[in-house]
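As the structure is a computational prediction, the values presented were derived from the model and not from experiment.
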Amino acid sequence: MQNKLLRNAGHFFIWADFYALVLGVHALFVDAVDFGFYMQEYFQAARVFLDWFASWNPITLYCVSFLYEWPAALVFLSRFTISTLIGLWLVKRFS
């Protein structure tokens, strides 16, 4: 039962993050925008949440500010790659 649950979690990691790939390709063709601008334009609710998280202390402010300066395509495509690799590992290991 545990193996089936982990295998299904692997499939979830592989297929549920497909929108990150779409957003990464979209960010490539829109412009070379940074992640903060992309979040402000397309995901206002997420931007408000990240700004709230950044207001906790100077360390979180630095981390979020650092993340905002990255290219949006890099953030989305690396997130997709990492989650897909985790999913592939789970499926291969527990199938």
Side-chain angles (χ1 to χ4, degrees):
M1 184 66 174
Q2 175 98 12
N3 289 345
K4 186 176 180 179
L5 179 68
L6 290 171
R7 183 177 49 99
N8 289 339
H11 286 289
F12 178 76
F13 273 112
I14 293 169
W15 294 108
D17 220 15
F18 181 72
Y19 73 93
L21 179 65
V22 173
L23 292 175
V25 171
H26 178 260
L28 280 174
F29 290 110
V30 168
D31 198 3
V33 297
D34 59 359
F35 186 64
F37 179 76
Y38 197 87
M39 293 295 282
Q40 182 178 348
E41 288 296 316
Y42 297 103
F43 301 108
Q44 288 90 9
R47 176 68 189 241
V48 170
F49 175 73
L50 285 173
D51 287 342
W52 169 75
F53 179 70
S55 69
W56 286 0
N57 61 40
I59 295 171
T60 57
L61 176 65
Y62 173 75
C63 291
V64 171
S65 299
F66 180 71
L67 180 66
Y68 279 167
E69 295 174 5
W70 283 24
L74 177 68
V75 172
F76 289 126
L77 294 177
S78 63
R79 180 175 159 217
F80 173 77
T81 303
I82 291 169
S83 67
T84 301
L85 289 174
I86 291 171
L88 289 173
W89 177 75
L90 284 171
V91 168
K92 182 177 179 183
R93 173 104 162 94
F94 295 105
S95 287

Please tell me whether Leu50 and Leu74 are part of a single hydrophobic cluster in this structure, the criterion being side-chain heavy atoms less than 4.5 Å apart. yes

Quick check on Phe80: does its CZ atom have over 12 non-hydrogen neighbours (other residues, nucleotides or ligands) under 6.0 Å away? yes

Under a single-linkage definition using a 4.5 Å side-chain heavy-atom cutoff for Ile, Leu, Val, Met, Phe, Trp and Tyr, are Phe53 and Phe66 assigned to the same hydrophobic cluster? yes

Nearest 0.5 Å, what's the OG1-CH2 distance between Thr60 and Trp52? 10.0 Å

Should Val64 and Tyr68 count as side-chain neighbours, where that means a heavy-atom distance under 4.5 Å? yes

In Å and rounded to the nearest 0.5 Å, what is the CD1 to CG distance from Ile14 to Leu85? 9.5 Å

Look at the side chain of Thr84 and the backbone N and O of Thr81, then say whether any donor-acceptor pair between them is shorter than 3.5 Å. no

Check whether Leu6 and Ile82 end up in the same hydrophobic cluster, where Ile, Leu, Val, Met, Phe, Trp and Tyr are linked by side-chain heavy atoms less than 4.5 Å apart. yes

Mind checking the CG-SG spacing from Asn57 to Cys63? Nearest 0.5 Å is all I need. 8.5 Å

Same apolar cluster (I L V M F W Y, side chains within < 4.5 Å links), Phe49/Val75: yes

Find out if a path of hydrophobic residues (ILVMFWY) with successive side-chain heavy-atom gaps under 4.5 Å connects Ile59 to Leu67. no

